[in-house]
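Notes follow once the structure below has been shown.
We count ligands from 1, going down the list as the structure has it; atoms in each ligand are counted the same way.
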Amino acid sequence: MNKVLQGKTVVITAGPTYEDMDPVRFLGNRSSGRMGFAVAQAAADAGADTTLVAGPCQQECPTVTQRINVRSALEMREQVMLHIDDCDIFIGCAAVADYRPAETSETKIKKDGGDLTLRLIQNPDILAGVAALPNRPFTVGFAAETNDIEKHALRKLRNKNLHMIAANQVGNGRGFDCNDNALLLLYPDGRQQSLPCQAKCSLACRLVDEIAAEYKRLQQQHT
Ligand code: CTP
């Protein structure tokens, strides 16, 4: 692989987050971490100093500079913010839980014969937080959508003020927990590019090539 990111520092989030209800139960999602780990491997292979901040997942660890394991969205945000200062490129691949239980019980929640109402509060948006930093890195998001992919992804690209978003279809056996994926790349100036369905590792290499090319294009514009 060409060393298109030689000398660059990349931070990547991957996997799900788990939001604890009590010591034995949590709210999670179906992300396997496969795509994020493949992107981390591709970035490292492209020569980047790569930090992977990973939620709970069983994937074989890519050969990155460092891997930091986290559990919840709050832990993920804390670790991202600790490592973002000298970062050139941030890629948010994680399926971060949008909500967490308002309270985490220190002891196992017991049935009391009736229904249980769980109050959820919103988690911070890690990607939007990075993109709002005064010295923001080149910021790439993912959009996992079941429908109206382009419309939802465009809204996220604009609302979160990203340099690029990679949208993909999830549900009905696509996206989560499978080996193949396809991506639609969207840019703020309206450009679009489709990366056809292929194994997640080769798709990740294509994505990293596109990220490097766009990053360099913007760098050249500012010099
Ligand atoms: N993301 C994040 N922190 C959150 C939620 C999302 O960093 N609390 C990032 C994801 O890593 C991904 C992008 O935002 O790069 C889009 O995530 P997604 O779950 O598709 O969208 P949401 O913004 O959560 O919107 P919705 O759930 O309404 O589709």
Side-chain angles (χ1 to χ4, degrees), residues 10-20 26-40 42-43 50-57 59 68-84 87 89-102 120-133 136-171 174-177 181-188 195 200 203-204 207-208 210-211 214:
V10 177
V11 174
I12 299 173
T13 63
T17 64
Y18 286 180
E19 311 297 324
D20 287 334
F26 61 87
L27 300 176
N29 61 65
R30 294 177 58 178
S31 169
S32 65
R34 215 170 284 173
M35 189 64 203
F37 276 45
V39 173
T50 305
T51 294
L52 173 63
V53 183
C57 43
Q59 300 304 317
I68 300 164
N69 291 325
V70 297
R71 184 168 173 86
S72 65
L74 290 181
E75 284 174 20
M76 185 174 275
R77 184 184 60 163
E78 188 186 350
Q79 289 303 322
V80 165
M81 289 307 173
L82 276 174
H83 292 89
I84 208 72
C87 159
I89 299 171
F90 175 76
I91 311 173
C93 302
V96 184
D98 290 325
Y99 298 93
R100 66 179 183 278
L120 301 177
I121 53 176
Q122 218 172 333
N123 271 328
D125 191 307
I126 300 167
L127 180 65
V130 168
L133 291 171
R136 70 177 171 145
F138 182 87
T139 309
V140 182
F142 268 75
E145 310 292 347
T146 55
N147 59 292
D148 297 319
I149 299 181
E150 190 180 325
K151 186 178 101 189
H152 291 307
L154 257 184
R155 188 173 46 80
K156 287 176 195 179
L157 176 76
R158 301 219 165 101
N159 289 350
K160 301 191 192 199
N161 194 27
L162 309 176
H163 292 100
M164 178 175 170
I165 196 157
N168 69 302
Q169 173 105 41
V170 289
R174 298 183 66 178
F176 287 148
D177 222 359
N181 209 350
L183 292 175
L184 174 67
L185 307 184
L186 303 174
Y187 300 88
L195 303 184
K200 283 183 178 173
L203 188 62
L207 175 65
V208 163
E210 297 304 328
I211 290 172
E214 183 66 4

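Nearest to atom 5 (C) of ligand 1 among the protein's heavy atoms is Asp98 OD1, 3.5 Å. The closest protein non-hydrogen atom to atom 3 (N) of ligand 1 is Ile126 N, 3.0 Å. The protein atom (non-hydrogen) at minimum distance from atom 10 (C) of ligand 1 is Ala94 O, 3.3 Å. Atom 14 (O) of ligand 1 has as its closest protein heavy atom Lys160 NZ, 2.8 Å. Given atom 13 (C) of ligand 1, the protein heavy atom at minimum distance is Phe142 O, 3.0 Å. For atom 26 (P) of ligand 1, the closest non-hydrogen atom of the protein is Lys156 NZ, 3.9 Å. Among all non-hydrogen protein atoms, the one lying nearest atom 15 (O) of ligand 1 is Gly92 O, 2.6 Å.
When only interatomic distances are considered, the shortest N/O to N/O separation between Leu127 and ligand 1 falls below 3.5 Å.
For atom 7 (O) of ligand 1, the nearest protein heavy atom lies closer than 4.0 Å.
Taking every heavy atom of both residues into account, Ile12 and Ala43 meet most closely at CD1-CB, 4.1 Å. When every heavy atom of Leu186 is checked against every heavy atom of Glu150, the shortest pair comes out as CD1-O, 4.0 Å.
A salt bridge links Lys156 to Glu145: at least one charged side-chain nitrogen sits closer than 4.0 Å to a carboxylate oxygen.
In this structure, Glu19 contributes its side chain and Pro101 its backbone to no donor-acceptor pair below 3.5 Å.
In this structure, Pro124 has a heavy atom closer than 4.0 Å to ligand 1.
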